Participant: 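Have a look at this one.
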Amino acid sequence: MTSRSPSSSRIWPLLALNFFMADMQSGIGPFVGVFLQERGWASGLIGTAMTVGNVAGMLITTPIGGFIDASRNKRLWVVIPGICVVAASAIILISQNFWAVTFSQVAQSLASAAIVPAVTGITLGIAKQKGFNALNGRNQAFNHAGNMVGAAVSGYLGYKFGYVAVFVLAALFGAIAVGCVMMIPAKAIDDRAARGSKEDDPDSQPDALTMLLKHKPLLVLALALALFHLGNAAIVPLYGLAAVAESQANGPSFVATTIVIAQGVMIVTALIAMQVASKRNYWPVILVSFMFLPIRGVLAFFVTGWWGVVPMQVLDGIGTGLQTVAVPGMVARSLNGTGRINLGQGAVITVQGVGASLSAALGGWIAQWIGYGPTFLLLGSFGLASMALWLAFGAAVKKY
């Protein structure tokens, strides 16, 4: 099979999809905490509702990856998340009952679970393995730009018109993302390349699901990410709650500002990570990404409110920006030829999601018991655990 650069008729709808799907991934999530806090919810109950929703969504992530591998309509797996985002926004506006809020988080989690492996598969199907790193880097740059613009507009609309406008915007972005993916010609997506089957072996069949459990590099990656996100996922929501609780900031505009700063840094970081990975491998990129969480925990302990936003979010932008390129890249590289790349992507996201899901409840309840400052230090320490695991098993993962 000859290697050609994908045409612009395929690339621009894909890049536009990455731009608009950004608000689908995070959706209403960053705003839910302060939205509920202003309606009398305690931090522990907020964390519990978000955790229940996240765990339910997490359980379906690996099966979704398998469905995407087997599917001959990869675009459908972007349409479904788009519908879920619209539903999540509508539900939380209609009712702030505990179970209604929890159900909205389940819908949002389903969208987040499906969208990443779906777009990874579409990107692989268009660019093949050789072109994946470069196109994925561009995808992530557009994705972070979309997050930055979405957050800025959400902050402005929230400040001017309240949370209704924020949730309506998330639904609108979801609908536009669906339109973008339908502009990618179905025949432009090579289903065999999209799931990682060997391009030079037309008879290659996908390996069994059990190979994932025996794939040591993938397991190490997933566990290290789970530890990282156990600390990382709760820091930004808690940071916003702390500032709003102390009347240091307006809810929607504060949350939006934290997102805009982080996503702006991620655009540059994603492009740098793409270049580093093309010259070396993904192992050092991921190691460096873990280093920023402990530093953020210490900063959050000493500085709250607007003064801490810039350094906190610059560091978050660097760490997360590196991972958005390196993690799918490492999964695609390590599972190349197995026909199970999207399943592997789903498995990694699932284990990572365990940490992220527990983070909200862990951080929310601990903050309620001992205060925000000590909680930030505790959450930051999980980055050190990720670094220790990554270094301890370096021999297994360095080649990727």
Side-chain angles (χ1 to χ4, degrees), residues 3 5-6 11 14-15 17-18 21-22 25 61 65 68-69 74 115-144 190 193-199 212 215-226 228-229 266-290 292 317-352 386 390 393-394 396-400:
S3 177
S5 297
I11 296 301
L14 177 63
L15 296 178
L17 166 62
N18 276 273
M21 83 178 211
Q25 282 177 273
T61 304
I68 293 170
D69 276 326
K74 300 291 188 287
I115 195 70
V116 174
V119 173
T120 298
I122 291 171
T123 304
L124 267 170
I126 292 174
K128 314 299 189 293
Q129 186 70 221
K130 289 182 180 178
F132 177 74
N133 180 59
L135 186 53
N136 183 51
R138 293 173 67 188
N139 279 352
Q140 297 307 324
F142 272 79
N143 183 266
H144 297 315
D190 184 326
R195 69 172 184 258
S197 290
K198 293 178 181 177
E199 295 173 23
L212 287 175
H215 199 284
K216 190 173 182 179
L218 210 62
L219 289 176
V220 173
L221 173 66
L223 291 173
L225 288 170
F228 177 84
H229 287 281
M266 286 181 200
I267 296 172
V268 178
T269 307
L271 296 174
I272 293 172
M274 176 187 73
Q275 294 296 327
V276 173
S278 66
K279 294 176 182 177
R280 299 186 64 183
N281 55 36
Y282 293 110
W283 182 82
V285 177
I286 294 173
L287 176 63
V288 171
S289 75
F290 293 149
F292 292 96
I318 296 172
T320 307
L322 293 174
Q323 287 184 13
T324 56
V325 172
V327 172
M330 181 174 170
V331 173
R333 187 175 291 176
S334 64
L335 292 180
N336 186 33
T338 66
R340 291 294 189 181
I341 284 179
N342 297 301
L343 183 64
Q345 197 77 250
V348 169
I349 293 171
T350 297
V351 179
Q352 168 184 311
S386 294
W390 200 240
F393 291 93
V397 292
K398 277 185 178 179
K399 60 183 177 180
Y400 300 114

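Just so it is clear, the values below take in all heavy atoms, side chains as well, and ignore hydrogens, waters and symmetry mates. Treat the numbers as computed from the prediction; the structure is a model and nothing was measured.
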Participant: Could you walk me through whether V119 and L17 pass side-chain contact (heavy atoms from CB on, under 4.5 Å), step by step?
Facilitator: CA-CA 9 Å; V119 173; L17 166 62; 3.9 Å; yes
Participant: For the side chain of K74 and the backbone of I68, is there at least one donor-acceptor N/O pair under 3.5 Å apart?
Facilitator: yes
Participant: Between F290 and L225, is there a side-chain heavy-atom distance shorter than 4.5 Å?
Facilitator: yes
Participant: Enumerate, atom names and distances included, each donor-acceptor pair closer than 3.5 Å involving a side-chain atom of residues 266-273, sequence neighbours excluded.
Facilitator:
{"unit_1": "T269", "atom_1": "OG1", "unit_2": "V265", "atom_2": "O", "d": "2.8"}

Participant: Please name all residues satisfying side-chain hydrogen bond (donor to acceptor under 3.5 Å, both in side chains) with H229, sequence neighbours left out, ordered by chain then number.
Facilitator: Q323
Participant: When rounded to the nearest 0.5 angstrom, what is the spacing between CD1 in I11 and CZ in F142?
Facilitator: 10.5 Å
Participant: Is the backbone N or O of N18 less than 3.5 Å from a side-chain atom of N139, with the two atoms forming a donor-acceptor pair by type?
Facilitator: no
Participant: Look at the side chain of T324 and the backbone N and O of G321, then say whether any donor-acceptor pair between them is shorter than 3.5 Å.
Facilitator: yes
Participant: Could I get the full list of side-chain hydrogen bond (donor to acceptor under 3.5 Å, both in side chains) partners for S386, not counting sequence neighbours?
Facilitator: none
Participant: With heavy-atom distances below 4.5 Å as the criterion, would you say the side chains of L221 and W390 are in contact?
Facilitator: yes
Participant: Just jot down the side-chain hydrogen bond (donor to acceptor under 3.5 Å, both in side chains) partners of S334, sequence neighbours excluded, or say none.
Facilitator: none
Participant: Is any side-chain heavy atom of N133 closer than 4.5 Å to one of Y282?
Facilitator: yes
Participant: Does the pair T120 and V331 meet the rule for a side-chain contact (heavy atoms from CB on, under 4.5 Å), with working shown?
Facilitator: CA-CA 10 Å; T120 298; V331 173; over 6 Å; no
Participant: For the residue pair T320 and S289, establish whether any side-chain heavy-atom pair is separated by less than 4.5 Å.
Facilitator: no
Participant: Using the side chain to side chain contact (heavy atoms under 4.5 Å, CB included) rule, pick out the option among V285, V116, V348 that qualifies with V327.
Facilitator: V348
Participant: Roughly how far, to the nearest 0.5 Å, is the CG atom of L135 from the CG atom of L15?
Facilitator: 6.5 Å
Participant: With sequence neighbours excluded, tell me which residues meet side-chain contact (heavy atoms from CB on, under 4.5 Å) with V288.
Facilitator: F292, L322
Participant: What residues form a side-chain contact (heavy atoms from CB on, under 4.5 Å) with N281, not counting sequence neighbours?
Facilitator: W283, P284, R333
